Amino acid sequence: MAQIIDGKKISQEIKDELREKVGVLKMAGKEATLAVIQVGDDPASGVYVNNKKKACSYIGIRSLSYELPKETTEEELLALIETLNRDERVSGILVQLPLPMQIDEDKIIMAISPKKDVDGFHPENVGRLVIGERGFVSCTPAGIIQLLKRSGIEIAGKNCVVVGRSNIVGKPMALLMLRENATVTVAHSKTQNLKELCRQADILIVAIGKPQFITGEYIKEGAVVIDVGIHRAENGEGGTSKKLCGDVCFDQAEPLASAITPVPGGVGPMTIAMLMNNCVEAMQSES
Ligand code: NDP
């Protein structure tokens with residue numbers, strides 16, 4: 001029986017620690033403010049933005065909300081970011097992605113001051129991660145490191161295979177595991193012999209965006225399996241069923257793994273907890 005890595009519990013622990021930290025900083029007259037920008041009214045983005053605001057309010061971070069119409073131009077969004085970059089009261093800026101077609105996401109990411117880039121997407125922060133300097137780290141991979149450490153899982157010296165090489169999950173994940181002294185292999189859609197490669201992993205981290213793609217055949221007995229994927233199961237019973245699944249076939253992986261993250265309740269809750277962590281760090285680095 002695998003240890004089930006409880007992301008809900010661990011993310012709550014982190015939020016409670018942050019709440020305490022923020023309380024102490026408030027007594028010293030310091031306040032964190034996160035500016036959250038949403039362009040358009042995509043319902044999924046709306047849910048993410050609301051969850052982020054709720055987490056801010058729990059921890060004691062002030063959140064400023066900018067809800068812009070879907071017709072907003074790139075220039076208008078850049079102008080707002082510039083204003084927030086200059087505003088000393090604002091410690092962190094978050095632009096909810098994806099953005100409407102007329103706006104170039106890369107340009108927007110580049111425009112956010114690296115000091116307020118709590119998502120950790122700015123090239124300066126990515127570069128800092130590459131050379132091992134302090135900076136904001138992308139929240140999902142940072143959350144996975146916390147899941148592993150707080151579950152007592154040894155990383156140093158282990159063979160880690162990261163499946164997926166996106167800028168927000170796979171690549172920073174690989175760099176963080178390297179920083180923790182794992183031996184890291186990154187796999188992607190052009191990788192040959194993916195199954196054999198995955199079967200060599202002591203720690204297998206999967207972020208490919210394909211429901212239940214990783215079956216038992218990809219997993220070495222005793223491996224730690226981290227599932228980043230999140231999908232609404234197509235064949236959930238009932239038209240309104242909200243059954244979620246990951247990139248890993250949990251039922252096949254769990255009997256083989258020594259530890260595994262469930263979906264939901266594994267990696268998902270960690271992303272917001274680490275965003276909150278970055279907001280608190282942004283405030284601390286101001287002083
Ligand atoms: P992307 O679509 O940006 O990247 C997917 C990666 O997987 C690419 O590098 C791609 O390779 C690789 N890939 C696709 N198919 C295969 C395959 N058959 N074999 C090997 N590699 C493959 O996805 P993200 O990284 O943004 O997200 C991945 C998943 O994680 C999604 O399900 C997403 O919803 C979820 N997610 C969850 C979060 C959370 O908080 N829990 C946060 C962020 C994402 P190539 O580069 O060659 O195309």
Side-chain angles (χ1 to χ4, degrees), residues 5-12 14-15 42-45 47-52 54-55 94-99 105-106 109 118-121 126 129 136-148 160-177 184-201 204-215 217-219 225-234 242-250 253 260-278:
I5 301 175
D6 189 344
K8 246 176 132 173
K9 181 166 155 266
I10 295 173
S11 66
Q12 189 59 46
I14 292 174
K15 285 192 278 185
D42 174 55
S45 291
V47 172
Y48 291 135
V49 163
N50 266 336
N51 288 341
K52 288 168 187 175
K54 256 195 249 167
L94 184 147
V95 179
Q96 185 63 44
L97 303 178
L99 291 167
E105 280 184 6
D106 289 341
I109 290 170
V118 284
D119 261 334
F121 294 164
V126 177
L129 175 61
F136 294 115
V137 177
S138 181
C139 301
T140 302
I144 292 170
I145 296 291
Q146 287 301 313
L147 279 182
L148 293 170
C160 173
V161 174
V162 179
V163 192
R165 57 173 166 182
S166 69
N167 288 341
I168 61 168
V169 187
K171 281 182 198 154
M173 188 73 247
L175 289 162
L176 284 173
M177 292 302 277
V184 183
T185 307
V186 183
H188 46 77
S189 68
K190 307 290 184 293
T191 298
Q192 292 180 357
N193 305 326
L194 183 65
K195 231 177 247 179
E196 288 69 29
L197 194 69
C198 289
R199 271 208 300 261
Q200 289 167 25
L204 178 63
I205 303 176
V206 188
I208 58 178
K210 300 232 156 88
Q212 308 199 16
F213 183 90
I214 299 291
T215 56
E217 292 173 306
Y218 289 73
I219 293 159
V225 179
I226 305 292
D227 188 356
V228 185
I230 183 143
H231 314 274
R232 217 158 281 280
E234 277 164 27
K242 288 192 175 171
K243 203 165 185 302
L244 297 175
C245 73
D247 288 347
V248 174
C249 180
F250 184 88
I260 186 165
T261 55
V263 177
V267 173
M270 296 301 291
T271 301
I272 290 190
M274 297 316 287
L275 173 70
M276 296 298 109
N277 182 65
N278 282 351

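Both ligands and their constituent atoms are indexed starting at 1 by order of listing. Just so it is clear, the model here is predicted, and its values are computed rather than measured. Index from 1, following the sequence.
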Donor-acceptor contact present, side-chain [X] to main-chain [Y], <3.5 Å:
X      : Y      : value
Asn278 : Val137 : yes
Thr191 : Leu194 : no
Ser138 : Ile168 : yes
Asn193 : Glu196 : no

In terms of residue, atom name and distance, what is the protein heavy atom nearest to [atom]?
atom                    : result
atom 34 (O) of ligand 1 : Ile230 CG2, 3.7 Å
atom 18 (N) of ligand 1 : Phe213 CZ, 3.4 Å
atom 42 (C) of ligand 1 : Thr140 OG1, 3.3 Å
atom 24 (P) of ligand 1 : Ser166 OG, 3.7 Å
atom 19 (N) of ligand 1 : Leu194 CD2, 3.7 Å
atom 31 (C) of ligand 1 : Gly209 CA, 3.6 Å
atom 44 (C) of ligand 1 : Val169 CG2, 4.0 Å

Heavy-atom distances under 4.0 Å are what count here, so tell me which part of Lys210 touches ligand 1: side chain, backbone, both or neither.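 Looking at Lys210 and ligand 1, just side chain atoms fall under 4.0 Å.
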Heavy-atom contacts under 4.0 Å between Val228 and ligand 1: side chain, backbone, both, or neither?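 Under 4.0 Å from ligand 1, Val228 contributes backbone and side-chain atoms.
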[options]: member with heavy atom nearest to [atom]:
atom                    : options                        : answer
atom 10 (C) of ligand 1 : Ser138, Ser189, Gly246, Gly229 : Ser189
atom 8 (C) of ligand 1  : His188, Arg165, Met173         : Arg165
atom 13 (N) of ligand 1 : Asp227, Ile208, Leu97          : Ile208

Under 4.0 angstrom from atom 2 (O) of ligand 1, is there any protein heavy atom?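 There is no protein heavy atom less than 4.0 Å from atom 2 (O) of ligand 1.
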Protein heavy atoms: any of them under 4.0 Å from atom 39 (C) of ligand 1?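 Within 4.0 Å of atom 39 (C) of ligand 1, protein heavy atoms are found.
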Please report whether ligand 1 has a polar contact with Lys190, defined as an N or O pair separated by less than 3.5 Å (distance criterion only).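 Such a contact does not occur with ligand 1.
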Write down the atom of [X], the atom of [Y], and the distance for their closest heavy-atom approach.
X      : Y      : answer
Val228 : Ala207 : CB-CB, 3.8 Å
Pro172 : Asn167 : CD-O, 3.1 Å
Arg199 : Ile219 : CG-N, 3.9 Å

Would Ile260 and Asp227 count as a side chain to side chain contact (heavy atoms under 4.5 Å, CB included) here? Give the steps. CA-CA 8 Å; Ile260 186 165; Asp227 188 356; 5.9 Å; no
Between ligand 1 and [X], can you find any atom pair, the residue atom being a heavy atom, that is separated by under 4.0 Å?
X      : value
Gly170 : no
Ala187 : no
Met270 : no

Distance filter under 4.0 Å to Thr271 heavy atoms, resulting ligand 1 atoms: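 Those of ligand 1 that fall under 4.0 Å from Thr271 are 39 (C), 40 (O).
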Which ligand 1 atoms are under 4.0 Å away from a heavy-atom of His231?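 Numbered from 1, ligand 1 contributes 32 (O).
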I'd like to check Ile226 versus Ile5 (side-chain heavy atoms, cut-off strictly below 4.5 Å). Are they in contact?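 A side-chain contact exists here, since the closest heavy-atom pair is under 4.5 Å.
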With sequence neighbours excluded, residues passing salt bridge (charged side-chain N to carboxylate O under 4.0 Å, His left out) with Glu217: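 For Glu217 the salt bridge (charged side-chain N to carboxylate O under 4.0 Å, His left out) partners, ignoring immediate neighbours, are Lys195.
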Who passes side-chain hydrogen bond (donor to acceptor under 3.5 Å, both in side chains) against Thr271, sequence neighbours left out?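 With neighbours one apart ignored, the set is Thr140.
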With a sphere of 6.0 Å drawn around CD of Gln192, does it hold more than 12 non-hydrogen atoms of other residues, nucleotides or ligands?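 Incorrect, the count does not exceed 12.
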